[in-house]
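First listed ligand is number 1; within each ligand, the first listed atom is number 1.
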Amino acid sequence: MSEIEQGGCACGAVRYTLKPGYRLKPYACHCSDCQKRTGTAFSHHMLVMRADLELTGELDRGRMTQPSGAISTISGCPQCKSRIMAENSTRAGTASLRVGTLDRAGRFPPAAHLWVKSKQPWLVLPDEVPQLDEQPRAQEDWIELLGIK
Ligand SMILES: [Zn+2]
Ligand SMILES: [Zn+2]
């Protein structure tokens with residue numbers, strides 16, 4: 001998990017290097033907001049340190065206020081509209097990377113499925129991966145679920 005990874009948008013205008021560093025394991029979120037924002041069944045994120053992400057190319061930014069009141073700033077490619085990452089106002093210094101933008105995304109399957117209560121009914125999840133009806137609330141619960149030991 002601590003190797004250098006490369007990634008970028010669909011058209012190649014935005015590229016990034018993810019340096020080795022502190023990361024949580026990837027997770028899939030099946031909440032209705034993520035379904036709406038991605039236009040598909042779930043989002044697939046990995047929490048990394050913002051300083052470990054070196055981006056090249058111009059970024060397009062959007063903002064959204066989450067139900068909790070936190071402001072999410074979403075960055076993507078202005079040309080092809082691929083979304084690369086989101087930064088949350090309550091988690092300074094971290095970024096939620098869109099796993100599908102990694103060149104080796106297949107190495108990062110979700111280690112947990114969150115908000116399974118609003119999962120699309122046709123989607124079948126693997127039994128061996130933890131499934132939560134909602135999401136962890138406390139910081140230590142996130143780390144317990146997705147921390148790399
Ligand atoms: Zn692009
Ligand atoms: Zn979600």
Side-chain angles (χ1 to χ4, degrees), residues 4-19 23-50 52-106 108-148:
I4 290 179
E5 297 292 335
Q6 312 277 345
C9 68
C11 78
V14 177
R15 292 290 301 164
Y16 65 81
T17 297
L18 176 63
K19 295 188 288 183
R23 306 172 190 171
L24 293 186
K25 289 187 251 180
Y27 67 92
C29 183
H30 301 263
C31 82
S32 48
D33 278 355
C34 283
Q35 291 174 0
K36 190 65 107 176
R37 285 195 281 181
T38 58
T40 182
F42 60 90
S43 64
H44 187 183
H45 303 284
M46 181 164 69
L47 198 78
V48 303
M49 300 310 290
R50 178 65 185 84
D52 293 336
L53 264 182
E54 279 177 1
L55 289 125
T56 57
E58 211 174 312
L59 290 173
D60 199 20
R61 290 181 212 278
R63 294 180 124 220
M64 195 186 135
T65 303
Q66 303 205 319
S68 63
I71 295 167
S72 177
T73 304
I74 303 126
S75 299
C77 173
Q79 301 301 321
C80 70
K81 299 297 179 190
S82 302
R83 288 172 165 196
I84 305 287
M85 63 167 179
E87 290 164 272
N88 184 302
S89 59
T90 63
R91 290 195 294 266
T94 67
S96 178
L97 182 68
R98 293 280 172 114
V99 173
T101 64
L102 285 161
D103 293 346
R104 304 195 292 185
F108 297 90
H113 290 271
L114 309 183
W115 287 95
V116 168
K117 71 179 191 182
S118 51
K119 173 182 86 60
Q120 291 295 329
W122 47 262
L123 183 64
V124 180
L125 300 179
D127 287 334
E128 66 275 15
V129 179
Q131 300 176 20
L132 278 69
D133 261 352
E134 295 187 356
Q135 67 180 48
R137 298 292 167 189
Q139 189 81 15
E140 52 269 28
D141 296 336
W142 279 101
I143 292 164
E144 173 68 30
L145 184 67
L146 297 172
I148 295 160

Inset, instruction - Answer whether the closest heavy-atom distance between the side chains of Gln35 and Gln120 falls below 4.5 Å. - result: yes

Legend entry - Other residues, nucleotides, ligands: >12 heavy atoms within 6.0 Å of Arg104 CZ: yes

Inset, instruction - Work out the angle at the Zn ion (ligand 2) between SG of Cys29 and SG of Cys31, rounded to 10°. - result: 110°

Inset, instruction - Quick one: the SG of Cys11, the Zn ion (ligand 1), SG of Cys80 angle, rounded to 10°, please. - result: 110°

Inset, instruction - Can you tell me, to 10 degrees, how wide the angle at the Zn ion (ligand 1) is between SG on Cys9 and SG on Cys77? - result: 110°

Legend entry - Backbone or side-chain N/O/S of Cys34 under 2.8 Å of the Zn ion (ligand 2): yes

Legend entry - Flag side-chain contact, heavy atom, 4.5 Å: Arg98 against Met85: no

Legend entry - Carboxylate-amine/guanidinium contact Asp103 Arg15, below 4.0 Å: yes

